[in-house]
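Below you'll find the structure, written out as structure tokens, and then a few comments.
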Amino acid sequence: MAEDAVNSIVGARVSKSELAYDWLRRRIQRHEYGPGYRLVLAEIAAELKMSVVPVREAIRRLEAERLVTFERNVGARVAMVDENEYLHAMQTLGVIEGVATSLSAPALTSVEIDRARAINERMVTLLDSFDAHTFTTLNQQFHSQLFECCPNPQILELVHQGWTRLSGLRDSTFSFVPGRAKQSVEEHEQILSLIEAKADPLEIELAARNHRWATLQAFLDKRTEE
């Protein structure tokens with residue numbers, strides 16, 4: 001399977017470094033490589049049928065995104081979940097995503113709103129037989145529908161960076177606090193209703209921000225209970 005991926009992407013003239021990066025990042029996001037997992041360059045290179053050079057370059061990119069850490073005499077490992085890092089990242093994403101959503105709202109068409117609502121309805125269907133990974137993927141798709149129209153490219157870039165930083169943690173959030181998923185989809189509908197009603201931009205911003213922060217609070221409350 002790894003060889004097929006190499007052939008298809010190399011055939012599309014994508015660099016081996018890019019292939020290795022995408023391959024590793026997917027496995028981290030899916031928690032196939034969980035926090036603390038050691039990334040052995042030679043083993044990864046052998047599985048992808050390439051030299052260690054592009055694998056090393058890929059790991060450096062993941063390190064820059066804080067998904068991987070490098071320790072002297074130990075090597076590269078998938079980053080551990082740092083509660084303070086998660087707290088700060090979620091607080092920041094709540095603020096910038098709230099702004100991006102409110103700025104996007106006037107440009108959203110009924111088609112785009114219907115598309116976001118359809119995604120949210122798919123998320124609802126997962127609640128009875130919960131799949132944290134699929135739910136997380138749909139969750140990102142939902143929010144992307146609402147903030148990608150942001151006319152400020154600098155804010156949009158910050159939102160993308162925030163999602164990337166959290167990508168290695170988000171599955172564990174909904175797995176850790178599965179009850180939060182039901183509240184999340186309800187809040188999604190509230191945000192959509194505000195956008196449809198052409199509510200005050202500040203009201204939309206606060207709804208999107210508080211939605212993100214409610215997930216953070218649910219995580220922190222659960223950690224306190226343990």
List the residues meeting salt bridge (Lys or Arg N to Asp or Glu O under 4.0 Å) with [X], not counting sequence neighbours, and say none if there are none.
{"X": "R117", "answer": "E189, E196"}
{"X": "E186", "answer": "K182"}
{"X": "R61", "answer": "E18"}

Problem - Other residues, nucleotides, ligands: >12 heavy atoms within 6.0 Å of R77 CZ - result: yes
Problem - Sequence neighbours excluded, every pair satisfying salt bridge (charged side-chain N to carboxylate O under 4.0 Å, His left out) that has a member inside residues 88-107 - result: E97-R212
I want to check something: taking the side chain as every heavy atom from C-beta on, are [X] and [Y] in contact at a cut-off of under 4.5 Å?
{"X": "L138", "Y": "L126", "answer": "yes"}
{"X": "M123", "Y": "N120", "answer": "yes"}
{"X": "Q161", "Y": "I96", "answer": "no"}
{"X": "T215", "Y": "V177", "answer": "no"}
{"X": "I44", "Y": "W23", "answer": "yes"}
{"X": "C150", "Y": "V159", "answer": "no"}

If I compare all heavy atoms of [X] with all of [Y], which pair ends up nearest, and what's the gap?
{"X": "E203", "Y": "L194", "value": "OE2-CD2, 3.4 Å"}
{"X": "P54", "Y": "M50", "value": "CG-SD, 3.6 Å"}
{"X": "W163", "Y": "L93", "value": "CD1-CD1, 4.0 Å"}
{"X": "I204", "Y": "T101", "value": "CG2-CG2, 4.1 Å"}
{"X": "L108", "Y": "E112", "value": "CA-OE1, 3.3 Å"}

Sequence neighbours left out, what passes side-chain hydrogen bond (donor to acceptor under 3.5 Å, both in side chains) with [X]? Give chain and number order.
{"X": "H88", "answer": "none"}
{"X": "E57", "answer": "S17"}
{"X": "Q141", "answer": "none"}

Spacing of [X] atom [atom1] and [Y] atom [atom2] [to the nearest 0.5 Å]:
{"X": "I119", "Y": "E121", "atom1": "CD1", "atom2": "CD", "answer": "10.5 Å"}
{"X": "E205", "Y": "L103", "atom1": "CD", "atom2": "CG", "answer": "8.0 Å"}
{"X": "I195", "Y": "L146", "atom1": "CD1", "atom2": "CG", "answer": "4.5 Å"}
{"X": "Q91", "Y": "R209", "atom1": "CD", "atom2": "CZ", "answer": "11.0 Å"}
{"X": "N210", "Y": "I191", "atom1": "CG", "atom2": "CD1", "answer": "9.0 Å"}
{"X": "D221", "Y": "Q217", "atom1": "CG", "atom2": "CD", "answer": "4.5 Å"}

Handout entry: In one Ile/Leu/Val/Met/Phe/Trp/Tyr side-chain cluster, 4.5 Å: L87, M90
Key =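 Shared cluster, yes.
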Practice task
List in chain and number order the residues that pass ring pair (Phe, Tyr, Trp, His ring centres under 6.0 Å) with F135, two or more places apart in sequence or in another chain; answer none if no residue qualifies.
Solution key: F130, F174
Practice task
Please answer whether the main-chain N or O of A100 pairs with a side-chain N or O of S104 as donor and acceptor at a distance below 3.5 Å.
Solution key: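 Yes: the side chain of S104 pairs with the backbone of A100.
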Practice task
Tell me, with the steps shown, if E187 and R180 meet salt bridge (Lys or Arg N to Asp or Glu O under 4.0 Å).
Solution key: CA-CA 11 Å; E187 291 164 10; R180 171 61 191 152; 2.6 Å; yes
Completion exercise
The remaining residues in the hydrophobic cluster of L206, counting side-chain heavy-atom contacts under 4.5 Å among Ile, Leu, Val, Met, Phe, Trp and Tyr, are L202
Exercise for the section: Under 4.5 Å between side-chain heavy atoms, chaining through other members, with only Ile, Leu, Val, Met, Phe, Trp and Tyr counted: pull out the rest of the cluster around W213, sorted by chain and number. Expected result: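 Hydrophobic cluster check, W213: joined to V95.
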Completion exercise
When T69, V78, V55 are each screened for side chain to side chain contact (heavy atoms under 4.5 Å, CB included) with L39, the one that passes is V78
Exercise for the section: Only pairs at least two apart or in different chains count here, so list each ring pair (Phe, Tyr, Trp, His ring centres under 6.0 Å) that has a residue in residues 182-205. Expected result: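 Ring pair (Phe, Tyr, Trp, His ring centres under 6.0 Å) check on residues 182-205 returns F142-H188, H143-H188, H188-H211.
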Problem - Residues in side chain to side chain contact (heavy atoms under 4.5 Å, CB included) contact with A89, at least two apart in sequence or another chain - result: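 A89 satisfies side chain to side chain contact (heavy atoms under 4.5 Å, CB included) with R165, L166 only.
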Practice task
Decide side-chain contact (heavy atoms from CB on, under 4.5 Å) for V68 and I28; before the verdict, give the C-alpha distance in whole Å, the side-chain angles of both, and the deciding distance to 0.1 Å.
Solution key: CA-CA 9 Å; V68 168; I28 293 172; 4.0 Å; yes
